[in-house]
Amino acid sequence: MSAAQTAQRGAAILLAMLTVTLVATVAAAALWQQWRSLEVETAERARIQAAWVLTGALDWSRLVLREDSRAGGAADHLAEPWAVPLEEARLSTFLAADRDNQANVDELGEDAFLSGHITDLQSRLNVANLINNGQVEPIVRRQFTKLFTLLDLPQTELDRLAENLRVASDFSPDNKSADAAPLRPQRVEELVWLGLSPRSLAALAPYVTVLPTRTPVNINTASAEVLYASFETVDLIGAKRLVAARERSHFRTLADVNAADGGVKGEPSAELFSVTTRFFEVRGQLRIGQTTVIERSLVQRDAFPTTSSTRVVWRERVPAHSLQ
């Protein structure tokens, strides 16, 4: 075989190898694009399915709250159905009860899990109570002072919080500093706008809330720490006695608190305390495979003489680590 033939054969082999490499590269790129499109479509479908399921869960929660208002009596307490959390369970368990939903069961598969709970937000100190008619409310300021002291938080941050909230709440035309005023927060995590440090916010989060209007504390659902801060003459031991007393039998009226073993003298003020609730937080989580979607909603319930209604004040997605 001549040298020219050998060179031609070598060139043909090299060309064939380059062709195979090019075809393999194009095929790999096409396969990757197809895989990526499939993953994006799967994730988007899971997100849309989760949004619809969580919408249904929110509607179910509103129904529970409405029925509780109609048939649950005059008091809201932690032994009622709305207070029982929904532990993580397969979604197919709920859908299989309805034969018409068999197609949905097959589509979602066996790895879809639903969980959630309803929280009484009037079991916490409402930051909105700090301001009344454009001024810091002294009684509420004292409540927050006791809570800050209990949690070993700096009082200077409470001073900044109260003053910045007062400024943020003043929208009168005569307020020349309105343009420089901080935004009025709608969520607890937004209190950092008013001067709270992340450390203080984390410590306060279980005990405070931000609601659209001034609200009393529900004695039937508040923690011992919140009760301690709310009552001027009750220490932490007395607050824990109140919690133990209501576990035996919830308070049906504010007058019942006076007879409880907790050191409360006189009937609590109806302006500061109640045994009923209007504002609830609904949290729902849906886990489909490796996708987790969590939503949090503020629900307002208003009772009427013959019926009751609920409405969603706001609704948002939250990071998975926020569900506690």
Side-chain angles (χ1 to χ4, degrees), residues 38-72 76-123 186-189 209-212 221 276-304 306-324:
L38 180 61
E39 288 295 307
V40 170
E41 181 182 351
T42 301
E44 181 65 12
R45 183 174 61 180
R47 184 190 66 80
I48 294 175
Q49 289 175 337
W52 279 108
V53 171
L54 290 174
T55 297
L58 175 59
D59 289 341
W60 172 79
S61 300
R62 294 174 61 188
L63 176 62
V64 170
L65 291 173
R66 282 199 303 270
E67 291 304 314
D68 171 73
S69 178
R70 292 174 181 175
D76 293 304
H77 53 91
L78 297 178
E80 294 187 297
W82 63 262
V84 179
L86 174 63
E87 301 297 337
E88 190 172 73
R90 290 185 185 274
L91 186 60
S92 56
T93 303
F94 303 97
L95 297 179
D98 185 356
R99 295 180 179 179
D100 295 335
N101 281 323
Q102 189 58 44
N104 295 332
V105 175
D106 297 336
E107 184 179 357
L108 289 173
E110 292 295 321
D111 58 347
F113 297 87
L114 179 66
S115 61
H117 62 269
I118 301 175
T119 302
D120 177 2
L121 289 183
Q122 289 183 223
S123 66
Q186 305 295 319
R187 320 279 196 277
V188 170
E189 54 270 20
T209 186
V210 179
L211 296 176
T221 57
T276 60
T277 292
R278 294 177 58 208
F279 292 94
F280 299 85
E281 180 187 85
V282 177
R283 285 187 178 232
Q285 172 179 297
L286 184 67
R287 182 166 58 88
I288 305 176
Q290 297 181 348
T291 302
T292 300
V293 180
I294 301 174
E295 285 192 348
R296 179 178 63 174
S297 305
L298 174 61
V299 175
Q300 178 178 341
R301 182 183 68 182
D302 294 309
F304 295 94
T306 58
T307 184
S308 64
S309 65
T310 61
R311 68 181 183 93
V312 179
V313 179
W314 51 255
R315 180 182 179 188
E316 66 177 0
R317 295 276 176 88
V318 295
H321 61 76
S322 297
L323 190 66
Q324 298 177 349

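These numbers come from a predicted model, not from an experiment. We're numbering straight along the sequence, starting at 1.
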Can you give me the closest heavy-atom contact between Asp120 and Phe280, atom names plus distance? CA-CD2, 4.0 Å
Any side-chain heavy atom of Leu211 within less than 4.5 Å of one from Leu298? yes
Would one find more than 12 heavy atoms of other residues, nucleotides or ligands at under 6.0 Å from atom CH2 of Trp314? yes
Would you compute the distance between atom CD of Gln285 and atom NE2 of His117 and round it to the nearest 0.5 angstrom? 10.5 Å
Correct closest heavy-atom pair for Ala83 and Leu78 would be CB-O, 3.5 Å
Please evaluate residues Thr55 and Arg315 with respect to the criterion side chain to side chain donor-acceptor pair (under 3.5 Å), reporting the C-alpha separation (whole Å), side-chain torsions for both, the decisive distance (0.1 Å), and the verdict. CA-CA 10 Å; Thr55 297; Arg315 180 182 179 188; 2.7 Å; yes
Has the side chain of Glu281 got a donor or acceptor atom that lies under 3.5 Å from a matching backbone atom of Leu121? no
Report the distance from atom CG of Leu65 to atom CH2 of Trp60, rounding to the nearest 0.5 Å. 9.5 Å
Between Arg301 and Asp76, what is the shortest heavy-atom contact and its length? NH2-OD2, 2.8 Å
Of the non-hydrogen atoms in Val299 and Arg62, which two are nearest, and what is the gap between them? CG1-CG, 4.3 Å
For the CZ atom of Arg187 and the CD atom of Glu316, what is their distance to the nearest 0.5 Å? 4.5 Å
Show the nearest heavy-atom pair for residues Arg278 and Gln122, with the distance to one decimal. N-OE1, 2.8 Å
Closest heavy-atom pair, Ser115 versus Glu87, reported as atoms and distance to 0.1 Å, is CB-C, 4.0 Å
Within this structure, what is the OG-CZ distance for the pair Ser61 and Arg283, rounded to the nearest 0.5 Å? 13.0 Å
Please report the C-alpha distance between Leu114 and Leu54 in whole Å, then the side-chain angles of each, then the deciding distance to 0.1 Å, and finally whether the side chain to side chain contact (heavy atoms under 4.5 Å, CB included) criterion is met. CA-CA 9 Å; Leu114 179 66; Leu54 290 174; 4.1 Å; yes
